Amino acid sequence: MPTTWNRSPEEFHKIYVANTDAFYRVGNAGLAKELDEFMTKCALGLWGRAGSINERHVEMANQIYSRSQPQPKWLLWSLTGAACGEDAFLPPVFFWNMAESDAKRGTETSRTFSRMLTNILLYLAAVDDDVTYSEAAFITECTDRLTAICDTTGVRKSREGLNPLDFVTSGEPSFQEKHPVQVQTSGGEKAPEAAKVEEEKKPDFDELMEQLEDLVGLEEVKKDIKNLMNLVKVRKLRQANDLPVPPMSLHMVFMGNPGTGKTTVARLVSGLYAAIGVLSKGQLVEVDRSGLVAGYVGQTALKTQEVIKSALGGVLFIDEAYSLSSGGENDFGREAIETILKAMEDHRDDLIVIVAGYTGPMENFLTSNPGLESRFNKYFFFPDYNGEQLMAIFRKQCEKNSYTLTEETEKAAVAMFTQLYEERSENFGNGRDVRNCFEDMIVRQANRVAAMDAPTKEDLMTVLPEDLQEPDEEETAAEEAGADNAPAEEAPVEPEA
C-alpha cells in the first residue's frame, strides 16, 4: 500500500535505537527487554486512541526493539487485538525504582526516561496521516503520570517537587540533542546529527507552562492547553518530515465571567506558541470594541488593520468580542469583524485570534457571521472560582506583598470568600473581586498601623480580622446606641460650707 511517511521502518528503528542507547548511557542497559515491552505497550495505547490499526502500524511496531534484543514479529490481527486490550497507561515498576534511586542520589535518570518516551511517542503519532487530539491527549497522560511519580519521590533538587510539564515539547533541548548520535564526516571528524538550535531567543516553554500550572483552579483549561501543545508539536514534526497535515484552526474562544484568568491564559498561550515555533514573536495584543471601531464610515477598517498589524507574529485577544455584533446591521462593529476575518485568512501562518466574553453572548456572537463559526472551533470554558480558590488567590497576593495572616484572620478570610462565592450575582468578578478585597484590606491595615506609636516590622506585615471588612453597619449602630444610652456619671456633690 502507498505511504506518505518519508521515513522507512528501518529509519525509525535507527531513531529508536539512538534514543534507547542514549538512555542506557545514563541508565541501565539491563532494562532493555522490559523497556522494549513497555514502549510497545505505549505504542499500542497510542494507536488504540487513533481508532484503527493498519499495516503501517505493524511495520513500526516490529521496529521497537533495542540493540542486541530480538526483533518482534507482529501481525495485523495480533497487533489489533493487543491494541484493544490496552485501556490505560500504567508506569512500569522499573520506573518507580529509577525515581526512588534518583531521590537518594540526586540524579535525574527517570526524567531522562520520560523525555525519551515522549520523543518516541511523538514519532509514532506521526506515522499515519491523521493525528488526532486523542493521540495528543494520550502523550500528555503518559508524561503527566511519569512526572507525578518523580514529584512524589522528590527528583528535583532545586526545589520541592518536580515540574510536571517538563517533557519533550518544552523549549529545553530534546533528548537526541542532549545525546547526539555521532556520524563520520568525509574529513574523518565526528559531527552531531541533531538539529541546530535557533539563535533567536524564544520564550521559555518550561517557565510558561510552570506559570500555567501555578494558576489557581482551571484544571480542565490546563489539561486542554497541554493536549493542544502536544497536538501542535506532532503537526510540526510531520511538517518537518514532509508529511501532509490536515487543516487545523488554532484560533480560540474563551468563555466565562470576568476575572477568571482568560487574559492571563491568553498571554501564556501566545508565548507557548512562539516557544514551539508556531508564532514568530509571541506578543499579546489586547483590545475591545473601542480599540477596533471608529466613529466614522471607512475609519473602522483602518483602525482594525493597525491593531492587526501590531499583533502579527503573536495573539490578538479581543475581550467582550460579542459587542462587535450587537449594534445592528449598520453598526461599524461588523466592518471590524469582516476585517479581522480577512486578516485571519491572509496571515493564517503567523496570527492567532482569541475572542473572549460571557458564555451566552459569545455563542450569539459566533453564530452572527458564518465566517466566525467556521474559523473558531476550540472552546475553553473558564468557570467561576469557588470560595476555596478565591481564598487561595487572596493568600498568594498576601504572600507576594509580604502580608501575613494570623490564625484568626485566616478563618475570617475563608468565611468571607465562602460567603462571597455563595452569594455571587451575575456580575461576579471572581479574581477582580479578590483584588478589590486585597486593596481594601491594605488601606484598613495601613490606617490601623498608622495610629500606633512605634509600629514594628511585624506590625507592618500582620493582617488582623478587622482589616478584612468594614464593621457591619448594624453592629456599629448598636454600639453607638449603647454608648448613647449608657447611664451618665453623677457629678460629685460639693460639701456645704
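None of the values given here were measured: they were computed from a predicted structure. Numbers here simply count residues along the sequence, with the first being 1. The figures that follow rest on heavy atoms only: side chains count, while hydrogens, waters and symmetry mates do not.
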Please step through side-chain contact (heavy atoms from CB on, under 4.5 Å) for the pair Phe38 and Leu117, ending with a clear verdict.
-> CA-CA 10 Å; Phe38 175 66; Leu117 170 68; 4.2 Å; yes

What pairs of donor and acceptor atoms, side-chain ones from residues 354-366 against any protein atom, are under 3.5 angstrom apart with sequence neighbours left out?
none

Taking all atoms of both residues into account, what is the closest heavy-atom pair of Leu218 and Pro383, and its distance?
-> CD2-CD, 4.3 Å

Excluding sequence neighbours, so at least two apart, what forms ring-ring contact (aromatic ring centres under 6.0 Å, His included) with Tyr322?
-> none

Indicate the atoms forming the closest heavy-atom contact of Ala311 with Leu351, along with that distance.
-> O-CD1, 3.7 Å

Do the side chains of Lys33 and Gln69 get nearer than 4.5 Å, heavy atoms only?
-> yes

Could you check Val353 against Ile308 for side-chain contact (heavy atoms from CB on, under 4.5 Å), going step by step and ending with a plain yes or no?
-> CA-CA 10 Å; Val353 178; Ile308 292 170; over 6 Å; no

With the threshold set at 4.0 Å, does a side-chain nitrogen-carboxylate oxygen contact exist between Glu219 and Lys222?
-> yes

Which is it for Phe381 and Phe254 under the side-chain contact (heavy atoms from CB on, under 4.5 Å) test, yes or no, and what are the steps along the way?
-> CA-CA 6 Å; Phe381 178 69; Phe254 286 1; over 6 Å; no

Of all the heavy-atom pairs spanning Cys398 and Leu405, show the shortest one and how long it is.
-> SG-CD2, 4.1 Å

Pairs in or reaching into residues 379-394: which pass salt bridge (charged side-chain N to carboxylate O under 4.0 Å, His left out), with residues at least two apart or in two chains?
-> Asp384-Arg424

Is the closest side-chain donor-acceptor distance between Asp102 and Ser110 under 3.5 Å?
-> yes

Closest approach of Leu268 and Gln211, non-hydrogen atoms and distance?
-> CD2-OE1, 3.3 Å

Output yes when a side-chain donor or acceptor of Thr40 lies under 3.5 Å from a complementary backbone atom of Asp36, and no otherwise.
-> yes

Going through the distances and angles, do Thr418 and Leu390 end up as a side-chain contact (heavy atoms from CB on, under 4.5 Å)?
-> CA-CA 8 Å; Thr418 300; Leu390 294 172; over 6 Å; no

Validation row: Lys226, Met209 side chains within 4.5 angstrom (heavy atoms) | yes

Check for a donor-acceptor pair, side chain of Gln389 on one end and backbone N or O of Asn386 on the other, with a separation under 3.5 Å.
-> yes

Given side chains that start at C-beta, do those of Leu420 and Phe428 come closer than 4.5 Å, heavy atoms only?
-> yes

Thr304 side chain vs Thr339 backbone, donor-acceptor pair below 3.5 Å | no

So, Asp350 side chain and Ser280 main chain: donor-acceptor pair closer than 3.5 Å or not?
-> yes

Those residues that, when tested against His13, pass ring-ring contact (aromatic ring centres under 6.0 Å, His included) (two or more places apart) | Tyr65

Within the distance-only criterion (no hydrogens, no angle test), does the side chain of Asn401 pair as donor or acceptor with the backbone N or O of Tyr403 below 3.5 angstrom?
-> no

Side chains of Ile276 and Lys236: closer than 4.5 Å at any heavy-atom pair?
-> no

Charged N-O contact under 4.0 Å between Glu345 and Arg348 | yes

Least distance between heavy atoms, Glu59 atom then Gln63 atom | O-CG, 3.3 Å

Minimum side-chain heavy-atom gap Lys378-His251 below 4.5 Å | no

Out of Ile225, Val232, Leu231, which residue meets the side-chain contact (heavy atoms from CB on, under 4.5 Å) rule with Met229?
-> Ile225

Donor-acceptor pair, Arg375 side chain versus Gly371 backbone, under 3.5 Å?
-> yes

Kindly say whether Phe382 contributes a backbone atom to a donor-acceptor pair with the side chain of Glu220 at under 3.5 angstrom?
-> no

Please tell me if the side chains of Ile393 and Phe417 come closer than 4.5 Å, counting only heavy atoms from C-beta onward.
-> no

Glu338: what forms a side chain to side chain donor-acceptor pair (under 3.5 Å) with it, not counting sequence neighbours?
-> Asn369

Centroid-to-centroid, Tyr385 to Tyr421, below 6.0 Å?
-> no

Which atom of Met98 lies closest to which atom of Thr109, heavy atoms considered = SD-CG2, 3.7 Å

Please name all residues satisfying ring-ring contact (aromatic ring centres under 6.0 Å, His included) with Phe95, sequence neighbours left out, ordered by chain then number.
-> Phe113

